[in-house]
Amino acid sequence: MSEIALAADFAIIIVVATAVGLIARQTGQPTIIAYILTGIILGPVMFDVVTDEGLVDLMAELGLGFLLFLLGMKMRFEDIREILRPITNVAIGQTVLQTALAFLVALVLGFDTTEVLVIALATVFGATPIIVKVLTDKDEITSLPGKIDVGVLIVQDIYLVVVLALFSADSLDNAGEIATTLAVIFVMMGFIGLFSIASSRYLLPRVFRRIANNKDVFLIVAIAWAFLFIAIAEGFDLSVEVGAFLAGISLAQLPYSKELEDRITPITDFFILVFFASIGLQIEGVGALLAYWQEAIIASIVLMVGNFWIMFYLIDREGFSVETSFLGSINMVQVSEFSLVVGALAFTQGYIGSDVLGYLSLMALLTMSVSTYIISYNHTIYRWVKPWFSRFESEEKIDTDLAEYKNHAIAIGYDEVTERALPVLEERYGTVVVIDRKTEHIDEIEQEGRYDHIFGDFRHGEVRKAANLKNASFVLSSSVQVDVNKAVLDEAPDDTAVFVEAERIDDARELYDRGAAYVIMSTYLTAEKLSEFLEQYVTDRAAFMDAIEQDIERIRREGRIEADELRPESARAESGGETDG
C-alpha cells in the first residue's frame, strides 16, 4: 500500500467514524459501536472503499496495545481494597460459570470444537468502557454496585490478557499443548508482573516526582514505559497486549495516574478508533456478517439472561443486599467489545473464519446497544421488579460502608491563599482534598499528613472524578484561570459553596453570574488596601505604623520558621530549634 493510499484510508475512516459517532451519541449509544459500524460501512460488507492491507495489521496491533495500556492504568487496587475478598469470589465464579454457559450455548448452536472454544473464551467479558462511562455519567461509579462491577472487570481484564496470550500461541491442537502454553504464559507474566509491582513501588515514584511538572516529558516517559514493557513481553515471546497491560498497572498505582490517564486518553482514542474499525473491515461481506444472525440473536438473549442470574447469585451469596445484587448484575449483562478483540486475534491466527467473527460482532453490537439503555435505567427497572425480588431479602444481608469523599471541602491549588484556609475548612468539613499539579506541593502536603491530595490539572475530568466534586460541600479555588473556575461552577451542585479567584472585573462578574458564593479579587483587594495605607501614612503616621506592625511581625515569624526548616538537623538541635531574629 502506498503512503498516499494509507493516508487516504486514515482520512476516510476518521471522517466516517466522526459522522457515525455523532449519530450514535444522539441515540445514547457508545462510540465503540460507531467505530465497529464504520469498519462495516467502509469494508467488504457494504462499500469496500478502504484497502486494508497493512492498515489492519499495523494499526490494529498498536491500537490493541494502547487499549490494554489504558485498561491497565484504570486498575487501581486502592479502589476495591475494602471489598476485595467478595469481589474476588464473585469474579472467579463469574468467569468459570459464564465461560461454561457460553461454551454450552455455542455447542448447542452447532459450532465446531475450536470455534466453540474461541466463542466461549471471547464472550465472558463485560464492556469495561461502556459500564464505566455510563455509571460515571450517572454518578454511580463509586457506589457499592459500581465498585463491585469495577472489581469484577479488573479480574476479567487479567483473564483477557491470559486469553490473548493463549491465542497468540502457534497451536491449540491438543490439551497438552494448551496446558504447556498456559504454564509458560503464567510464569512469564509472573516475572513481568513482579517487575511491574517493584517498579511502581521503588522506581517510578522517584522518576515521576522529578518529571511530573513538565507535561510533555511526563507524557513521553509514560509512553516510553509502555513500549519498554512491550519489548520485554516480546522478549519472553508474549503478546504486545501483555506488556502494555502490565505497564499500565504499574503506572496506575502512582499518585500521578489520574493526570496521566487524562493526558494519554486522546492518543489512545485514536488508535482504538482504528482498531475497532479494522474489525469491521475484516468481515468478508454481508454473507459473513449475517451467516449466523439467528444464532447471534438466540445467543445474545440467552447470555444476557444467563449472565444476569449468574452475577446475581454470586453477589447475593456474598451477603450484599438485594438491590446491590440486582444493580451490580444488570450492569454486566452484555457481551463486550473484548469479544471482538479476542475474535479478531483468533481470526488472524486462523482459528476461526470471517463468518464466526461476524457472529461475534453481531452479538457485541446487539448486547452493547441494549445494555446501554439497561444501565441508564437500572434503578427504574429495579423499582418495577422489586416486589418479585423481595423474596431474596434477609436480615443477614448488609451492604459494606464504602469510604468515599462526601460533604467534604476541595482546595484547588496549594499556595498562600489556600494554605491559610485549610485549617478552617478542616475544622468545618472534616475532610479536605487538595488538588495541585506541582510535585513539591504534593510532597509538602504528604509530609504534613493532615489533608488528602490529588496530583493533576483540575480541568481534567479524571481528576475531578477522583475528588468527587459532585458531592463536595465547599470548593476553594486559588486559580485565576477562568476555564478552571467555570468547570468548578458548572459541575458543582447548586448548594455547594464555591469561592474562586479572578484577576479581571469582567471575569469576576461572569463567575458571580454562574453561581460563585465569593470571588477573590486579589488585585482589587491589594489596590484597596494600598489606598487605605497611603491615606494613613499621609494623615497619621503613628496609626500607619500600628496598622502594619502585625504584617511585619508575621513576615518575620514566617521567615524564621522557613529559615529554621532549611538549616541542617544538627544545627537546629544545637540551637534548640530557634533562630536569631
Side-chain angles (χ1 to χ4, degrees), residues 69-70 72-79 81 136 141-142 196-197 199-226 247-268 403-405 408-419 421-422 425-426 431-472 475-481 483-485 487-488 491:
F69 179 54
L70 186 62
M73 285 187 60
K74 293 180 180 292
M75 283 187 59
R76 299 176 186 88
F77 300 122
E78 186 71 20
D79 293 345
R81 182 180 59 182
T136 300
I141 195 67
T142 56
S196 170
I197 294 171
S199 299
S200 67
R201 181 168 297 180
Y202 302 110
L203 174 62
L204 290 176
R206 297 181 180 180
V207 172
F208 277 87
R209 187 176 290 113
R210 292 178 177 272
I211 64 163
N213 290 337
N214 189 318
K215 296 183 179 181
D216 296 329
V217 176
F218 182 61
L219 182 62
I220 290 170
V221 170
I223 295 174
W225 184 255
I249 289 178
S250 61
L251 293 176
Q253 315 314 315
L254 299 178
Y256 317 105
S257 61
K258 294 289 186 182
E259 170 81 358
L260 184 56
E261 185 181 332
D262 234 289
R263 291 185 61 79
I264 207 167
T265 295
I267 301 172
T268 308
E404 63 174 336
Y405 295 133
H408 57 298
I410 297 175
I412 303 168
Y414 187 69
D415 54 19
E416 292 84 356
V417 174
T418 54
E419 187 178 2
L422 290 181
L425 295 176
E426 182 186 34
T431 302
V432 180
V433 183
V434 183
I435 300 172
D436 198 279
R437 214 205 165 282
K438 291 188 176 180
T439 53
E440 57 269 25
H441 291 171
I442 295 295
D443 289 342
E444 186 177 339
I445 298 167
E446 201 168 48
Q447 288 172 7
E448 188 173 355
R450 288 182 64 180
Y451 313 111
D452 290 0
H453 57 274
I454 298 172
F455 175 88
D457 190 330
F458 189 81
R459 285 170 291 195
H460 292 163
E462 290 297 326
V463 173
R464 296 199 297 275
K465 292 172 194 172
N468 202 4
L469 173 60
K470 293 185 177 181
N471 281 323
V475 181
L476 170 62
S477 170
S478 66
S479 172
V480 295
Q481 295 176 305
D483 55 345
V484 170
N485 294 326
V488 175
E491 196 167 316

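Distance check: Leu476 CG to Leu422 CG gives 8.0 Å after rounding to the nearest 0.5 Å. Atoms OH and CD, on Tyr451 and Glu419 in that order, are 8.5 Å from each other to the nearest 0.5 Å. From Ile223, atom CD1 reaches atom CD1 of Ile264 across 4.5 Å, with rounding to the nearest 0.5 Å. Met73 contributes atom CE, which lies 8.5 Å from atom CG of Leu254 (distance to the nearest 0.5 angstrom).
Applying the side-chain contact (heavy atoms from CB on, under 4.5 Å) rule to Ala409 yields the partners Leu425, Tyr429, Val432, Phe474; only residues at least two apart in sequence or on another chain are considered. Residues that satisfy the salt bridge (charged side-chain N to carboxylate O under 4.0 Å, His left out) test with Glu491, not counting sequence neighbours, are Arg464. Shown here are the side-chain contact (heavy atoms from CB on, under 4.5 Å) partners of Val463, two or more places apart in sequence or in another chain: Lys258, Glu259, Ile435, Ile454, His460. Every ring-ring contact (aromatic ring centres under 6.0 Å, His included) that Phe218 has, sequence neighbours left out, goes to Phe208. For His408, the side-chain contact (heavy atoms from CB on, under 4.5 Å) partners at least two apart in sequence or on another chain are Tyr405, Ile410, Thr431, Val433, Asn468, Ala472. Judged as a salt bridge (charged side-chain N to carboxylate O under 4.0 Å, His left out), and not counting sequence neighbours, Arg210 has no contacts. The salt bridge (charged side-chain N to carboxylate O under 4.0 Å, His left out) check on Asp443 picks up Arg209, with sequence neighbours excluded. The salt bridge (charged side-chain N to carboxylate O under 4.0 Å, His left out) search around Glu426 returns Arg450, not counting sequence neighbours. Here His453 pairs with nothing under the side chain to side chain donor-acceptor pair (under 3.5 Å) rule; sequence neighbours left out. Listed by chain and number, the residues in a ring-ring contact (aromatic ring centres under 6.0 Å, His included) with Phe455 are Tyr256 (sequence neighbours excluded). Residues satisfying the side chain to side chain donor-acceptor pair (under 3.5 Å) criterion with Glu440, sequence neighbours excluded, are Asn213. Every residue two or more places apart in sequence or in another chain that forms a side-chain contact (heavy atoms from CB on, under 4.5 Å) with Asn485 is listed here: Ser477, Val500, Leu511.
Side-chain atoms of Leu204 and Trp225, non-hydrogen and from C-beta on, do get closer than 4.5 Å to each other.
Pairing each heavy atom of Ala226 with each of Ala247, the nearest pair is CA-CB, 3.8 Å. Nearest heavy atoms, Leu260 versus Ala222: CD1-CB, 3.4 Å. The two residues Leu469 and Phe458 come nearest to each other via the heavy atoms CD2-CZ, 3.7 Å. Between Ala252 and Ser257, the shortest heavy-atom contact is O-OG, 3.3 Å.
Other residues, nucleotides and ligands contribute more than 12 heavy atoms inside 6.0 Å of the CD atom of Glu448.
Classification of Arg459 and Asp457 as a salt-bridged pair holds, one side-chain N sitting under 4.0 Å from a carboxylate O.
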